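This report refers to the structure that appears directly beneath it.
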Amino acid sequence: MKKLLNDPADLVAESLRGLDRAHPELRVDHENRIIYRADAPVSGKVGLLSGGGSGHEPAHAGFIGPGMLDAVCAGEVFTSPVPDQMAEATKNIDSGAGVLHLVWNYTGDVMNFDMAAELAAAETDTTVEAVVMNDDVAVEDSLFTAGRRGTGAAIAVEKIVGAAAEQGRSLSELADLARRVNDNSRSMGMALTSCTVPAKGSPTFDLPDDEIEIGIGIHGEPGRRRVPLAPAHEIAPMLVDPVLADRDFTGGDGVLVFVNGTGATPLLELYLMYGEIAALLDKAGVVPVRTLVGPYVTSLDMAGCSVSITQLDDELLRLWDAPVATSGLRWGM
Amino acid sequence: MKKLLNDPADLVAESLRGLDRAHPELRVDHENRIIYRADAPVSGKVGLLSGGGSGHEPAHAGFIGPGMLDAVCAGEVFTSPVPDQMAEATKNIDSGAGVLHLVWNYTGDVMNFDMAAELAAAETDTTVEAVVMNDDVAVEDSLFTAGRRGTGAAIAVEKIVGAAAEQGRSLSELADLARRVNDNSRSMGMALTSCTVPAKGSPTFDLPDDEIEIGIGIHGEPGRRRVPLAPAHEIAPMLVDPVLADRDFTGGDGVLVFVNGTGATPLLELYLMYGEIAALLDKAGVVPVRTLVGPYVTSLDMAGCSVSITQLDDELLRLWDAPVATSGLRWGM
Amino acid sequence: MAAGSPGVDLDTLQRWLRAFAASVAEHKDELTDLDAAIGDADHGANMHRGMSAVVDALDAAPAADPAALFKQTGMTLVKSVGGASGPLYGTWFLRMAPATGGATTLDPETFAKALRAGLEGVVARGKAELGDKTMVDALAPALDALDAALAAGESLADALRAASTAADEGRDATTPMVARKGRASYLGERSAGHQDPGATSAALLVAAAAGSVGGAVAEGA
Amino acid sequence: MAAGSPGVDLDTLQRWLRAFAASVAEHKDELTDLDAAIGDADHGANMHRGMSAVVDALDAAPAADPAALFKQTGMTLVKSVGGASGPLYGTWFLRMAPATGGATTLDPETFAKALRAGLEGVVARGKAELGDKTMVDALAPALDALDAALAAGESLADALRAASTAADEGRDATTPMVARKGRASYLGERSAGHQDPGATSAALLVAAAAGSVGGAVAEGA
Ligand SMILES: Nc1ncnc2c1ncn2[C@@H]1O[C@H](COP(=O)(O)OP(=O)(O)O)[C@@H](O)[C@H]1O
Ligand SMILES: Nc1ncnc2c1ncn2[C@@H]1O[C@H](COP(=O)(O)OP(=O)(O)O)[C@@H](O)[C@H]1O
Ligand SMILES: [Mg+2]
Ligand SMILES: [Mg+2]
Ligand SMILES: [Mg+2]
Ligand SMILES: [Mg+2]
């Protein structure tokens with residue numbers, strides 16, 4: 001395993017140390033591994049909390065700041081953070097308007113956020129709502145399983161809800177909005193290579209040189225199926241078709257298309273993939289009005305990509321375009 | 001070779017197609033492979049042109065926009081663009097105030113930009129100045145060689161000169177400023193793994209699992225030396241020490257520290273590296289006042305990092321902080 | 001061995017937790033490799049981090065009675081593990097605590113009742129049913145075997161040995177299953193053919209009980 | 001073979017360029033592999049892209065005379081290659097053009113003079129000296145051998161064969177050199193022990209001349 005680290009057991013703590021120094025606009029509670037907007041709690045604003053395992057950078061801490069999240073709890077690599085962290089963060093970002101937990105749908109994350117909400121309810125008088133994000137169409141029989149995974153759509157949810165929170169909307173309005181953006185979103189991913197979890201020290205799965213994983217998760221969980229390595233113009237429909245089959249995206253005011261790099265994929269290739277994807281959307285009568293291309297939700301050093309599509313309407317478009325100032329997404333300020 | 005592409009020969013053209021669709025704020029001349037600010041030429045403003053081989057994304061097109069570059073010429077992967085492209089771009093971004101070529105110091109880039117300037121002089125009445133950026137301290141005997149490579153410092157040069165150009169400064173003032181920022185900057189890089197050039201289809205160099213390259217270039221050129229794989233706290237001084245030995249960074253108003261990921265390095269690790277680097281700077285009495293951590297000048301899928309340090313003063317700090325709106329760097333607008 | 005074995009005291013319970021921690025440390029890579037095949041390659045690291053913290057807590061502040069020990073262990077796991085296994089193993093011990101009824105020495109029935117309460121907590125938290133390819137597939141048969149053996153008048157030591165055998169069989173039975181809970185469920189049919197990591201660590205937990213609690217009780221008998 | 005061989009006509013020159021293009025295509029991977037060792041792994045792709053464009057241009061619009069042919073070839077290379085080799089090989093042909101003096105058939109001395117002008121262009125553009133481990137290390141000895149052979153009264157065919165031998169020797173001699181120009185110079189001492197890719201393609205260029213120009217002239221003799 002070749003990585004820029006010292007002891008793998010210290011990776012998350014040491015990385016947070018660097019993040020803290022690099023971003024004076026954030027505040028890091030190293031003991032609890034919570035990263036805050038330096039000015040949290042923001043008076044009158046609902047606090048937005050997310051988080052999850054580490055290894056997805058810039059998610060999650062890269063999306064803290066005006067117009068997006070107020071705090072993030074960092075877990076070990078690919079391991080959900082724990083309820084104590086979440087409860088502590090919840091307390092500290094509550095300005096009295098309540099706190100919204102934006103939870104990526106994984107068994108661990110959901111259970112830990114549940115326990116955190118129970119703790120917060122028992123220990124403080126903070127009102128907490130939780131919205132679970134589950135946009136990954138790779139999981140087919142979601143009814144009798146852990147359900148669909150939360151993947152790229154979270155960026156749209158967190159950005160749009162973040163903008164609405166700055167407007168002073170109420171906790172329940174924001175929870176509804178989060179659910180609406182999540183319902184409007186679908187994602188599908190693929191991997192060319194496995195990632196290597198530092199604590200394990202070797203690739204999570206063996207993928208022969210001539211095969212790729214379709215429907216991969218963001219933690220190196222194997223995908224739905226393996227197919228032979230194919231050119232980009234054949235891979236693109238393997239991602240776009242299941243997304244379009246799952247929801248009608250032809251209405252509304254166009255869509256947000258997010259082509260995500262999983263870590264080791266050159267941006268040069270991601271743009272090429274976006275070209276292939278946009279051509280498929282053209283054919284399907286789906287109109288991309290906003291685009292995001294880059295490594296935003298990574299899986300350590302995995303090579304691959306995912307596509308997330310979010311149906312927009314006038315309101316969502318305005319909220320997407322609203323100013324945001326985080327290290328991962330920034331415009332208008 | 002596992003990559004998201006079709007025919008490697010079409011990679012750059014197809015990637016530009018996706019880039020074009022993803023960024024309505026840019027204009028792409030596909031025949032000449034030139035990417036422009038949509039509103040170029042900007043009246044009264046000196047035009048800023050850079051470019052180079054592809055494979056370094058977001059460099060170079062990711063730095064086009066208000067407050068930074070006006071146009072970029074894209075070459076084949078790791079191959080300098082050609083004079084015709086540069087001459088055409090030069091003509092199209094000249095609003096009458098002249099054009100500054102910001103050239104990354106590689107034999108090919110320098111010769112092609114030279115020929116472009118000759119072409120532009122012969123064919124139009126555009127005044128062209130060129131500044132060659134050469135910040136890489138890995139190249140030791142630079143006097144009798146092709147000189148030091150242009151690497152991470154270009155981001156500082158292009159950002160700072162871009163801000164000054166928006167203020168309406170003259171071509172010669174901007175050229176002086178570019179030289180000053182370049183002189184104020186030093187860089188050093190390392191690789192954990194080789195990149196794979198798509199047209200070649202296999203890694204440029206073999207690097208055993210227990211060795212790393214110190215002083216690597218941004219095109220997978222082998223570095224100055226190979227050393228055994230080491231923990232991050234031992235790698236950091238291999239980068240920082242030669243930089244600090246080459247220039248005194250203790251004066252002025254602090255420094256900009258730029259920790260660059262070469263492509264496949266997780267941001268989690270880059271932040272850890274920044275923590276190590278910042279600790280070394282503390283010891284050396286060098287004060288980071290601005291920080292940039294992320295994959296800005298990549299080498300396709302190479303895993304590794306580089307550190308660039310730029311001495312700032314009051315003016316450079318203000319220009320660095322000035323608004324910029326590019327897909328790679330954005331703040332204040 | 002006759003019925004009416006002596007109870008399980010605090011010391012023995014601590015030995016159980018230490019034995020489980022040692023067993024997890026020993027099988028860390030195996031647990032992670034199992035998780036790599038159908039999950040995210042962290043179960044070994046997760047359990048090791050958690051049980052190391054449990055042992056640290058034991059060393060730092062010995063609990064006053066079994067209830068306190070279980071509570072401290074559960075809270076430590078919830079605080080230090082994360083992921084799916086943290087809340088589940090954490091809940092297991094947290095629910096065991098009140099089920100001891102404050103006793104300082106647990107008679108076999110109380111110990112079995114406490115374990116059963118733990119399992120109910122796991123099921124309440126994770127909603128897994130038998131056959132979903134989770135830790136429940138090792139824990140539930142183990143507790144059934146324990147109850148049955150105790151009901152048949154066997155000693156706690158023997159009953160725990162039976163429980164451990166049942167846990168091992170339950171763990172092995174997860175291999176052909178198609179996962180319906182947790183991360184492995186994303187794989188659908190592809191999850192079949194792989195042993196569940198959580199069922200594997202759960203079998204280690206029961207084996208540790210058979211080894212230390214069973215052993216101590218047997219010695220004490 | 002006697003002195004006073006017949007001149008080199010347009011057809012023969014075109015055959016030279018096509019032969020070089022074919023040779024580059026054949027050695028593409030070798031050139032790239034050499035560049036991978038001390039450069040950036042693109043020399044084969046660069047030269048192949050350029051010479052394919054040159055052949056396309058020949059097919060599309062045959063040049064009127066040698067000067068036009070060289071100019072078109074040089075411009076095509078400058079336009080299509082990029083990197084270091086594009087401006088250098090481009091300049092080589094661009095500088096050959098005026099040195100033909102507008103002749104439709106080049107006598108051996110004029111051909112040699114044109115090649116020499118090409119070399120001077122390469123040196124003016126790239127500032128490489130002999131021993132810097134570049135294409136100059138193959139080209140300069142080749143032209144020296146050519147001039148010497150012609151001065152000794154040998155036929156152009158023989159003189160080009162001598163030039164090709166000298167180019168090959170010059171190419172081989174780059175192996176122990178420490179690069180002082182181009183990308184390989186970044187490696188310092190580590191560049192020694194590797195053959196220079198540009199010197200390798202340059203030797204192919206001279207060999208193609210010996211094969212086609214030399215061959216044609218010999219046939220015509
Ligand atoms: N809903 C659930 N109920 C019971 N056990 C579960 C459930 N979900 C997951 N598990 C158990 O947790 C194990 C995985 O634990 P771990 O790898 O530590 O967490 P994560 O899946 O969050 O990475 C699985 O092998 C399974 O036995
Ligand atoms: N200054 C120079 N003068 C002469 N030849 C040079 C010079 N710099 C580089 N070369 C030649 O160019 C070759 C590399 O060409 P190529 O790989 O196509 O370009 P790049 O180095 O830009 O990738 C080298 O092997 C060397 O022979
Ligand atoms: Mg996990
Ligand atoms: Mg090159
Ligand atoms: Mg796991
Ligand atoms: Mg090269």
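As the structure is a computational prediction, the values presented were derived from the model and not from experiment. Numbered from 1 within each chain, the chains take letters A, B, ... in sequence-line order.
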Less than 4.5 Å apart, side chain to side chain, heavy atoms only: is that true for [X] and [Y]?
| X | Y | answer |
| --- | --- | --- |
| A:Thr310 | A:Val255 | no |
| A:Pro228 | A:Asp210 | no |
| B:Ile64 | B:Tyr36 | no |

Contacting region of [X] [heavy-atom separation from chain A under 4.5 Å]:
| X | answer |
| --- | --- |
| B:Pro288 | side chain |
| B:Leu19 | both |
| B:Ala303 | neither |
| B:Val257 | neither |
| B:Met333 | backbone |
| B:Ser327 | side chain |
| B:Leu229 | side chain |
| B:Leu292 | neither |

Legend entry - Close aromatic pair by centroid cut-off 6.0 Å: A:Tyr296 and A:His56: no

Legend entry - Near-ring test A:His23/B:Tyr274, centroid separation under 6.0 angstrom: no

For the interface with chain A, which of [options] has the highest count of heavy-atom pairs at distances below 4.5 Å?
| options | value |
| --- | --- |
| B:Ala61, B:Gly275, B:Pro58, B:Pro231 | B:Pro231 |
| B:Pro266, B:Ser54, B:Gly18, B:Ser15 | B:Ser15 |
| B:Met1, B:Lys3, B:Glu276, B:Arg290 | B:Lys3 |
| B:Arg21, B:Glu14, B:Met190, B:Arg17 | B:Arg21 |

Inset, instruction - Decide, yes or no, whether a salt bridge links B:Glu76 with B:Arg33 under the criterion of side-chain N to carboxylate O below 4.0 Å. - result: yes

Between [options], which shows the greatest number of heavy-atom pairs under 4.5 Å with chain B?
| options | result |
| --- | --- |
| A:His233, A:Met302, A:Glu234 | A:His233 |
| A:Leu192, A:Thr291, A:Leu267, A:Leu4 | A:Leu4 |
| A:Thr298, A:Asp282, A:Val293 | A:Asp282 |

Please state whether the side chain, the backbone, both or neither of [X] comes within less than 4.5 Å of a heavy atom of chain B.
| X | result |
| --- | --- |
| A:Leu207 | both |
| A:Pro323 | neither |
| A:Thr265 | side chain |

Legend entry - CG/A:Asp206: more than 12 non-hydrogen atoms of other groups inside 6.0 Å: no

